Amino acid sequence: MSEAARSLEEVGVNRCFGGWHRRYRHRSASLSCDMVFAVYLPPQAERRPVPALYWLSGLTCSDENFMQKAGALRLAAELGIALVVPDTSPRGVEVPGDPDGAWDFGHGAGFYLNATREPWARHYRMHDYVVHELPQLVEASLPIDACRAISGHSMGGHGALVCALRNPGRYRSLSAFAPICHPLACPWGEKAFTHYLGADRAAWMEWDACELIAMASERLPLLVDQGTADDFLATQLRPEALRQACAVARHPLTLRLQTGYDHSYYFIASFIDDHLRHHAAALLA
């Protein structure tokens with residue numbers, strides 16, 4: 001057993017579609033706290049290492065929302081793709097949360113960036129955790145290879161876009177459900193960025209997909225699904241800003257506006273198969 005594997009504490013396991021859903025706890029160096037993440041290993045992983053889709057969840061969520069509600073495991077098993085699902089923020093009594101107890105900042109709302117402002121800077125480094133620490137851990141400990149894709153929902157959609165755009169060559173494919181497309185120009189993003197990064201809006205641009213697309217050195221085809229009945233569509237998500245940024249930069253974008261769908265996992269479950277096949281085309285090529 002490798003040193004990395006010995007650092008993992010298994011906290012849950014379920015047999016599913018011939019593979020295994022497993023939850024692990026470990027001490028994160030990036031976040032200076034204990035973290036829990038989930039992995040689905042398809043049946044093919046019993047014979048060889050498999051590629052992985054990293055899924056980033058939205059505000060207030062944990063790994064359990066996607067694994068239990070998205071309906072992704074059946075097709076992942078058929079395709080032979082692992083699913084790696086981290087938490088949405090650092091947690092624990094030593095980790096500061098929202099001082100006002102709000103749900104859109106702090107615990108469950110790490111925004112997949114590296115905070116620079118105290119008291120957040122020590123723990124809120126979700127970008128480093130998702131992009132570097134967690135893949136290194138799972139690839140050293142589990143039958144998962146270095147072929148990676150990334151996707152996510154809402155705040156996690158923002159995270160997926162930013163992780164891929166900031167790290168060319170790290171992922172083979174990219175998609176998102178109802179992402180926060182332009183966080184420096186929406187209330188959720190403005191609140192999070194002010195706390196985590198400070199008042200200098202120039203520093204925010206490094207964590208905004210619409211700004212990063214203009215200077216991207218890699219042009220991964222981007223698949224985005226957005227429900228038209230989403231309560232957050234106009235004020236928080238702003239997909240038209242993403243469409244405009246991609247058009248100006250000539251970045252390949254398929255933006256699908258799905259009539260009548262909202263922001264829930266009913267929406268995600270309805271279209272997750274399309275996203276898994278989008279990623280499989282790149283991961284299994």
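Everything quoted here is computed from the prediction, not taken from an experiment.
Side-chain contact between E94 and H123 is present, with heavy atoms from C-beta onward closer than 4.5 Å. When side chains are defined from C-beta on, D262 does not count as touching F232, because their heavy atoms never get closer than 4.5 Å. Under the 4.5 Å side-chain criterion, counting only non-hydrogen atoms from C-beta, T254 is not in contact with L222. Using a 4.5 Å heavy-atom threshold, the side chains of R170 and H132 count as touching. With a 4.5 Å cut-off on side-chain heavy atoms, L242 and H182 do not count as touching. Using a 4.5 Å heavy-atom threshold, the side chains of F177 and W55 count as touching. When side chains are defined from C-beta on, L113 does not count as touching V162, because their heavy atoms never get closer than 4.5 Å. Between P90 and M126, some side-chain heavy-atom pair lies under the 4.5 Å cut-off.
Looking at S57, its side chain never comes within 3.5 Å of a backbone N or O of T88 through a donor-acceptor pair. At least one donor-acceptor pair closer than 3.5 Å links the side chain of E133 to the backbone N or O of S30. Here the side chain of S264 pairs a donor or acceptor atom with the backbone of Y266 at under 3.5 angstrom. Listed for the N167 side chain is no donor-acceptor partner under 3.5 Å among the backbone atoms of A164. At distances below 3.5 Å, not a single donor-acceptor pair connects side-chain atoms of R74 with backbone N or O atoms of A77. No donor-acceptor distance shorter than 3.5 angstrom exists from the side chain of Y24 to the backbone of V138, with no hydrogens or angles considered. Without hydrogens or angle criteria, Q226 side chain to L255 main chain gives no donor-acceptor distance under 3.5 Å. Put simply, the side chain of S151 gets close to the backbone of S175: a donor and an acceptor are under 3.5 Å apart.
Between S28 and M35 the shortest heavy-atom distance is CB-CG, 3.9 Å. The nearest pair of heavy atoms linking V131 to C163 is CG2-SG, 3.6 Å. The two residues S89 and G110 make their nearest non-hydrogen contact at CB-N, 3.6 Å. The two residues E218 and P168 have their closest heavy-atom pair at OE1-CA, 3.3 Å. The minimum heavy-atom distance linking P187 with T235 is given by the pair CD-O, 3.4 Å. Residues V130 and Y171 approach most closely at O-OH, 4.2 Å, considering heavy atoms.
The structure places CD of Q236 at 11.0 Å from CG of D231, a figure rounded to the nearest 0.5 Å. The distance from atom CG of L56 to atom SG of C61, rounded to the nearest 0.5 Å, is 11.5 Å. For the atom pair D34 CG and D87 CG, the distance stands at 12.0 Å (nearest 0.5 Å). Distance CG/L284 to CZ/R172: 9.0 Å, rounded to 0.5 Å. Taken to the nearest 0.5 Å, the CG atom of L75 stands 5.0 Å off from the CG atom of L276. Note that CZ of R91 is 6.0 Å distant from OG of S62, once rounded to the nearest 0.5 Å.
A donor and an acceptor atom, one from each side chain of R219 and H251, are located under 3.5 Å apart. A donor-acceptor contact under 3.5 angstrom links the side chains of H279 and S173, judged on distance only. In summary, the side chains of D230 and H263 do present a donor paired with an acceptor at a separation below 3.5 Å, with no hydrogens or angles considered. Q258 and S270 form no side-chain donor-acceptor contact under 3.5 Å, judged by distance and modelled atom types alone. D273 and H278 are not linked by any side-chain donor-acceptor pair at a separation below 3.5 angstrom, with hydrogens and angles left out of the test.
By the criterion of side-chain heavy atoms lying less than 4.5 angstrom apart, applied directly or through intervening Ile, Leu, Val, Met, Phe, Trp or Tyr residues, L59 is grouped together with W204 in one hydrophobic cluster. Note on L220: it clusters hydrophobically with Y54, by side-chain heavy-atom contacts below 4.5 Å among ILVMFWY residues. L41 and L53 are members of different hydrophobic clusters when ILVMFWY side chains are connected at heavy-atom separations under 4.5 Å. Put simply, L8 and Y129 are part of the same group of oily side chains (I, L, V, M, F, W, Y) that touch within less than 4.5 Å, one to the next. Linking ILVMFWY side-chain heavy atoms closer than 4.5 Å, directly or via other members, places V39 and L79 in two distinct hydrophobic clusters.
Electrostatic pairing of R201 and D208 does not count as a salt bridge here, judged by no charged N lying under 4.0 Å from a carboxylate O. The pair D225-R256 meets the salt-bridge criterion, with a side-chain N (NZ, NE, NH1 or NH2) lying under 4.0 Å from an Asp/Glu carboxylate O. Ion pairing between E139 and R148 holds under the 4.0 Å rule for side-chain N and carboxylate O.
Centroid-to-centroid, the aromatic rings of F105 and W120 come within less than 6.0 Å. For an aromatic pair to be called close, the ring centres must be under 6.0 Å apart, and W207 with Y112 fails this. Aromatic rings of F271 and Y261 (six-membered ring for Trp) have centroids within the 6.0 Å cut-off, being under it. Between Y265 and H153, the distance from one ring center to the other falls under 6.0 angstrom. Ring pair F111/H158: centre-to-centre distance below 6.0 Å. Ring-centre distance between H26 and F37: below the 6.0 Å cut-off.
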Side chain to side chain contact (heavy atoms under 4.5 Å, CB included) between I81 and L283, intermediate numbers included: CA-CA 8 Å; I81 295 173; L283 291 172; 4.2 Å; yes

Show, in sequence, the C-alpha distance, side-chain angles and deciding distance for W188 and I180, and conclude whether the side chain to side chain contact (heavy atoms under 4.5 Å, CB included) test is met. CA-CA 9 Å; W188 282 340; I180 302 173; 3.6 Å; yes

L253 vs I213, side chain to side chain contact (heavy atoms under 4.5 Å, CB included): CA-CA, chis, key distance, verdict: CA-CA 11 Å; L253 168 67; I213 279 171; over 6 Å; no

Check the pair L212, R166 against side chain to side chain contact (heavy atoms under 4.5 Å, CB included), reporting the backbone distance first and the verdict last. CA-CA 7 Å; L212 291 169; R166 285 174 57 99; 3.8 Å; yes

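Around the CZ atom of R15, the shell of radius 6.0 Å holds more than 12 heavy atoms that belong to other residues, nucleotides or ligands. Atom NZ of K69 has 12 or fewer heavy atoms from other residues, nucleotides or ligands within 6.0 Å.
In this structure, the side chain to side chain contact (heavy atoms under 4.5 Å, CB included) partners of R23, at least two apart in sequence or on a different chain, are V11, H21, V36, A38, D63, E64.
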